[in-house]
Each structure stands twice: as C-alpha cells, then as structure tokens.
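Numbers here are sequence positions counted from 1. In listed order, ligands and their atoms are each counted from 1.
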Amino acid sequence: MDRSPHPGRFLVLEGIEGSGKTTQMERLDAALRAAGHPVCNTREPGGTALGERLRGLLLDPDLPGMCAEAELLLMFAARAQHLSEVIRPALQAGEWVLSDRFTDASFAYQGAGRGLGSGRVAELETWLQGALRPDLVILLDIEPEAGLERAVQRGRRDRIEREAVDFFERARDAYRERAAGAPDRYLVVDGASDPDTVAERILAGVRERLPLHALEG
Ligand code: TMP
C-alpha cells in the first residue's frame, strides 16, 4: 500500500556491518534508474559536506573516548543537515531518495548497542523529522559473527567496527524488533544469501509496496 506524504519516495537500507548493504545499494540504485525513476543516492552519517566531516569524527579509531551521548548527538547533527540540505528537497522534487542508513541505525546502535534507550532517540527523531519517516526500510539481516567476519576482510576497522560482538547482537535485535512492529514499512531480507538472490528479493519487495515503474528486460 503506498500512501507517501511527499511527491518522492524515501527508501533506506539498513543492517549491521558485513550485511551486504554497499552491494545492494548499487543494485537497487541501478534497478530504480533502469525503471526511469530519478534517484538521489546518499548515506548516513554523511551525504553533505558537514555530514561527511562528522562521519570522519564518528568513525575515527583515534577517538575511542567518545561518550554515547556525544555519538548520538553527532549522528543527529549530521542527519539534521542531511534532511535540510538533501533529503527534504529531493523528496519535494519527486526524487526517489535511497539512503544507506537513517534513523533506524540510531535506534539500533545508540539506543540498543550503547544502551541509551529508544526514548532518547525517539525524542530527537520527533524534533528533527516531525512526521517524516522512510516509506520503506530494507533490513539486510545477518548473524553478527558472519557479518563481522566479512567486515574484517575489508581491512582496517573503524571506531564502531571495533566493538565486541554483543554490541552488534543488541543492534541486530533492535533492528529486527522494529521491523516486526511495522511490517508494512519494513522489508527483511536474509543478508547471508548470495547477492543476486538478495537483489531479487529486494526488488520484489519494493515492487509489492511502492509504485515502481515496470522494469524492462
Ligand atoms: P557504514 O554506513 O559504512 O556501515 O558505517 C556507518 C557506521 O555508523 C556503522 O557502524 C553504523 C554507524 N551508525 C550509527 O551508529 N548510528 C547512526 O545513526 C548511523 C546512521 C550510523
């Protein structure tokens, strides 16, 4: 069912480290463009000059002492700029915003992973987003052990990737809980499947829920 309150559509990809988000961002971006939709491909933390600078601080392994509250507020500082400079204008212009992470990541990592609780995250969400929520959140679900193994193969770990496995277990559980609570706004796909299968499941789920133009070929 599609009841989007803005002319564009807002899609978000989420999942813990090593869930295959980067590959699936590329695949979905290509499929949406092939179907003739204008795509705004972006990411969090990041997506603006300020947001990318904040991302550098947030992921810097040389800042191990960052407290959980500072981390949450910096995530939302980057998000505030992203909303004002990129997301809201693109949605108003009728674009399909495809974001590599959004506020669900704050619920998962800071709310659950860091233990700040969902209430604090929800307060910031209400303040900065008002009624704006993604039309669809695609959750690539994977066991933390398997995901971290994939992430480690990519090389030097960032500040958050250095967390212990139980941190990612809490984040994964929070993602799954949120998805289970609103099945019409979340699509959960097994991130451990091969990338072609994951891409097919994502497209099928998007097609079911949003007015995707027919894909050619
Ligand atoms: P990634 O987008 O390359 O996966 O890395 C971003 C990291 O930032 C990842 O570890 C998840 C984390 N993150 C949060 O902890 N909270 C947030 O709100 C967002 C957007 C990301």
(request) Take every heavy atom of Q110, measure it against each atom of ligand 1, and state whether any distance is under 4.0 Å. (result) yes
(request) Pick one of side chain, backbone, both or neither for how E71 approaches ligand 1, counting any non-hydrogen atom pair under 4.0 Å. (result) neither
(request) Assess whether atom CZ of R33 is packed by more than 12 heavy atoms of other residues, nucleotides or ligands within 6.0 Å. (result) yes
(request) Please work out whether the ring planes of F168 and Y109 are parallel, tilted or perpendicular, with thresholds of 30° and 60°. (result) perpendicular
(message) Within ligand 1, which atoms have a heavy atom of E17 less than 4.0 Å away?
(response) 9 (C), 10 (O)
(request) Any atoms of ligand 1 less than 4.0 Å from a non-hydrogen atom of I160? List them with their elements. (result) 8 (O), 10 (O), 12 (C), 15 (O)
(request) Determine, using heavy atoms of R79 and all atoms of ligand 1, whether some pair is separated by less than 4.0 Å. (result) yes
(request) Count the heavy atoms belonging to other residues, nucleotides or ligands that lie under 6.0 Å from CD of E143, then report whether that count exceeds 12. (result) no
(request) Quickly, which of F10, F107, F76 forms a ring pair (Phe, Tyr, Trp, His ring centres under 6.0 Å) with F102? Name it, please. (result) F10
(message) Check this for me: E177, atom CD, are more than 12 non-hydrogen atoms of other residues, nucleotides or ligands nearer than 6.0 Å?
(response) no
(message) Regarding K21 and D100, does a basic nitrogen lie under 4.0 Å from an acidic carboxylate oxygen?
(response) yes
(request) Give the single entry among M75, E163, R43, R157 that approaches atom 17 (C) of ligand 1 most closely by any heavy atom. (result) M75
(message) Whether R170 and E163 form a salt bridge (side-chain N of Lys/Arg under 4.0 Å from carboxylate O of Asp/Glu) is what I want to check.
(response) no
(message) Please work out, at 4.0 Å between heavy atoms, whether the side chain, the backbone, both, or neither of K21 comes within that distance of ligand 1.
(response) side chain
(message) Looking only at distances, can you tell me whether any N or O atom of R101, backbone or side chain, sits closer than 3.5 Å to an N or O atom of ligand 1?
(response) yes
(request) Tell me which protein heavy atom sits closest to atom 7 (C) of ligand 1, plus the residue, atom name and distance to 0.1 Å. (result) L59 CD2, 3.8 Å
(message) With heavy-atom distances below 4.0 Å as the criterion, list the atoms of ligand 1 near E44.
(response) 2 (O), 20 (C)
(message) Evaluate D158 for polar contact with ligand 1, using N/O atom pairs at a separation under 3.5 Å.
(response) no
(request) Please indicate whether R120 has more than 12 foreign heavy atoms, meaning atoms of other residues, nucleotides or ligands, lying under 6.0 Å from its CZ. (result) no
